[in-house]
Amino acid sequence: MSCVNLSTWVQTCSLFNQAGRSRSPSFQILHPLKNIPVSIISQKRRRPISSFSVAAVLTKQDTLREEEESESEPTFSFKNYVALKANSVNQALEACVSLKDPKKIHEAMRYSLLASGKRVRPMLCIAACELVGGTESIAMPAACAVEMIHTMSLIHDDLPCMDNDDLRRGKPTNHKVFGEDVAVLAGDALLAFAFEHIAVSTVGVPPARVIRAVGELARSIGTEGLVAGQVVDICSEGLSDVGLEHLEFIHLHKTAALLEAAVVLGAILGGGSHEEVEKLRNFARYIGLLFQVVDDILDVTKSSRELGKTAGKDLVADKATYPKLMGIEKSKEFADKLNKDAQDQLSAFDPEKAAPLIALANYIANRQN
C-alpha cells in the first residue's frame, strides 16, 4: 500500500482541531509524559478535616440516621443496566438483520454481528439519549447502526491484508468461516445497511436531527475518522520513530471516533442542547482514548483465551502501543487520568441520569477483555 506523508498527518495529531469545522470546539487530549504530572494522577480527593476533631464525631443516632437514609436512596445497578440494555440491543439487531436470500451474505453478516460482543457503543448511544431527555426507542436504530459499523470494522480489520487474525470474540474470524471474498462483502453490506437503518427506522425525531446524526456517523468512519486512523496505523508498522502524538492520532481516529459518534448520535436524537452535545462529545473523546489505552495494556497482560482474540499481536507486528512507549504502570496512570477527565464532563448533568455513562466509563477503564 502506498502510504500518505505521515508528517503532515501527525503535526495536527488530533481529531479535535479540524480547521473550518463548526461541529465542535478545539479539544486536545493531554499527553501523559508531557502535561500530566504523574504525582497528581494517583492522588485521591480528601475530605477536609476540621482541626476540632471532637466536633466532627457523629453520635450513634446520627450514624444510624445516615445509614437509614443511605439505604432508602435508590442505587444504580450497572450489572442490571448492562443486562437489560444488551438484551434490548441484541433483540433489535436480530430483528433488523434477518436471515433471507441471498443466505450466504446474511449468514456472514449475522455471524459477526450477533456474536457475543459487549455492546459498549450501543449502550453509550442509548445512555446519552436518555441523559438529555430521549428514550431507548428513539436511540435504538442509531445504536444498532453504530454496532453494525463497529462489526464491519472488525471483519475488515481481521482480514489477511490488514491484521490477519484468526480469532474474534472467542470465535474464528469471519473470513476463516466464509472466505475472504464473502467477509469483505459482509462488512460492506453492514456499512451500507447501517445508514439505511438509521434513516428509515428512526421514529419520533425531527428529520433535521436524523440528517445531522447521519452526517456525524459518516464523518466518524471516513478520512476524518476510522479510515484515517487505520491507514496511518498500517503505514506506521515497523517505524522506529513513532511517538506519543503519532500514536494518539491513530487511536483518536481509529478507536475514539466511533465511540464519539455513538454518544453524540444519542445526544442529538434525544434533543440535547448544543452545550450538552459538546460536553458529551468531549466525554466520548476521553473514553475513546481510554478504551485504546486499556486495550493496549490488556494485549500484553492477558492471554488469548482471556481476551477472546489473539493476544500479543501488536507486539508481533511491531506496532507502537502505550505500554511500549510509556511502560505498563504509566499507561495505567494515564488511563486513570482519562477516566477522571471524562467523568468531569458529566458534572453539569443530573447525577442520577448520568449514572449509566459514569458506570460505562468505569467499566471501560477496568475491563479485563
Side-chain angles (χ1 to χ4, degrees), residues 14-16 23-30 35-36 40-47 73-82 84-86 89 118-136 138-139 142-143 146 209 213 216 220 251-252 255-294 333-367:
S14 179
L15 172 65
F16 314 139
R23 68 188 183 111
S24 65
S26 62
F27 177 92
Q28 182 67 47
I29 294 287
L30 295 178
N35 297 322
I36 300 176
I40 293 177
I41 296 174
S42 59
Q43 289 178 355
K44 296 182 179 178
R45 294 180 179 177
R46 292 186 173 90
R47 182 181 299 174
E73 292 176 357
T75 57
F76 174 75
S77 171
F78 182 60
K79 182 178 180 180
N80 291 342
Y81 181 87
V82 167
L84 181 65
K85 296 303 183 186
V89 170
K118 295 180 279 291
R119 309 307 187 205
V120 170
R121 291 157 188 81
M123 287 185 204
L124 286 168
C125 183
I126 294 168
C129 183
E130 293 177 333
L131 176 59
V132 298
T135 63
E136 178 184 295
I138 286 175
V146 170
R209 285 190 205 166
E216 284 278 349
S220 74
H251 294 318
L252 287 175
T255 303
L258 192 55
L259 282 161
E260 177 186 336
V263 173
V264 172
L265 261 61
I268 290 172
L269 295 172
S273 66
H274 175 76
E275 183 180 4
E276 289 174 329
V277 170
E278 293 312 313
K279 283 185 179 296
L280 288 169
R281 185 190 300 280
N282 290 342
F283 164 82
R285 287 168 172 172
Y286 278 120
I287 65 167
L289 189 55
L290 170 64
F291 193 98
Q292 188 60 52
V293 174
V294 173
E333 291 169 349
F334 185 38
D336 290 341
K337 172 65 174 171
L338 289 169
N339 188 17
K340 178 186 178 300
D341 289 343
Q343 295 190 35
D344 284 346
Q345 297 297 316
L346 303 177
S347 60
F349 292 95
D350 180 287
E352 188 174 336
K353 291 184 178 180
L357 287 178
I358 292 172
L360 281 163
N362 287 330
Y363 168 75
I364 290 171
N366 299 303
R367 66 193 177 92

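Hydrogens, waters and symmetry mates are skipped; everything else that's a heavy atom, side chains included, is used. Positions are given from 1, in the same order as the sequence printed here.
- Annotation: side chain of Gln343 is in contact with side chain of Asn362 (closest heavy-atom distance under 4.5 Å).
- Residues Lys353 and Glu130 have side chains not in contact (no heavy-atom distance under 4.5 Å, counting atoms from C-beta outward).
- Summarising the geometry of Ala256 relative to Leu289, their closest heavy-atom pair is CB-N, 3.9 Å, with the distance given to 0.1 Å.
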Exercise for the section: Dump the intermediate steps for side chain to side chain contact (heavy atoms under 4.5 Å, CB included) on Arg367 and Phe291, then the final yes or no. Expected result: CA-CA 9 Å; Arg367 66 193 177 92; Phe291 193 98; 3.3 Å; yes
Handout entry: Candidate pair Tyr286 and Lys340, rule side chain to side chain contact (heavy atoms under 4.5 Å, CB included), full reasoning
Key = CA-CA 9 Å; Tyr286 278 120; Lys340 178 186 178 300; over 6 Å; no
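- Separating the CG atom in Leu338 from the CD atom in Glu333 is a distance of 12.0 Å, to the nearest 0.5 Å.
- A side-chain contact (heavy atoms from CB on, under 4.5 Å) with Tyr363 holds for exactly one of Val120, Ile287, Ile358; it is Val120.
- Counting heavy atoms from C-beta outward, Leu124 and Val146 have side chains that stay 4.5 Å or more apart.
- In this structure, the side chains of Val264 and Leu280 stay at 4.5 Å or more apart for every pair of heavy atoms.
- Residues Lys279 and Glu276 are not paired through a salt bridge, judged by the lack of any N-O separation under 4.0 Å between the basic side chain and the carboxylate.
- Relative orientation of the Phe78 and Phe76 rings is tilted, given thresholds of 30° and 60° on the angle between their planes.
- Shortest non-hydrogen contact noted between Val89 and Pro122 is CG2-CB, 3.7 Å.
- Heavy-atom minimum distance, Ala139 versus Ile126: CB-CA, 3.9 Å.
- Closest heavy-atom contact between Ala335 and Val293: CB-CG1, 4.1 Å.
- Distance check: Ile138 CD1 to Ile268 CD1 gives 13.5 Å after rounding to the nearest 0.5 Å.
- Annotation for Ala127 and Leu360: closest pair CB-CD1, 4.4 Å, computed over non-hydrogen atoms.
- Across Leu265 and Ala213, no two heavy atoms sit closer than the pair CD1-O, 3.5 Å.
- When side chains are defined from C-beta on, Met123 does not count as touching Lys118, because their heavy atoms never get closer than 4.5 Å.
- In this model, no donor atom of one side chain and acceptor atom of the other lie less than 3.5 Å apart for Gln345 and Asp341.
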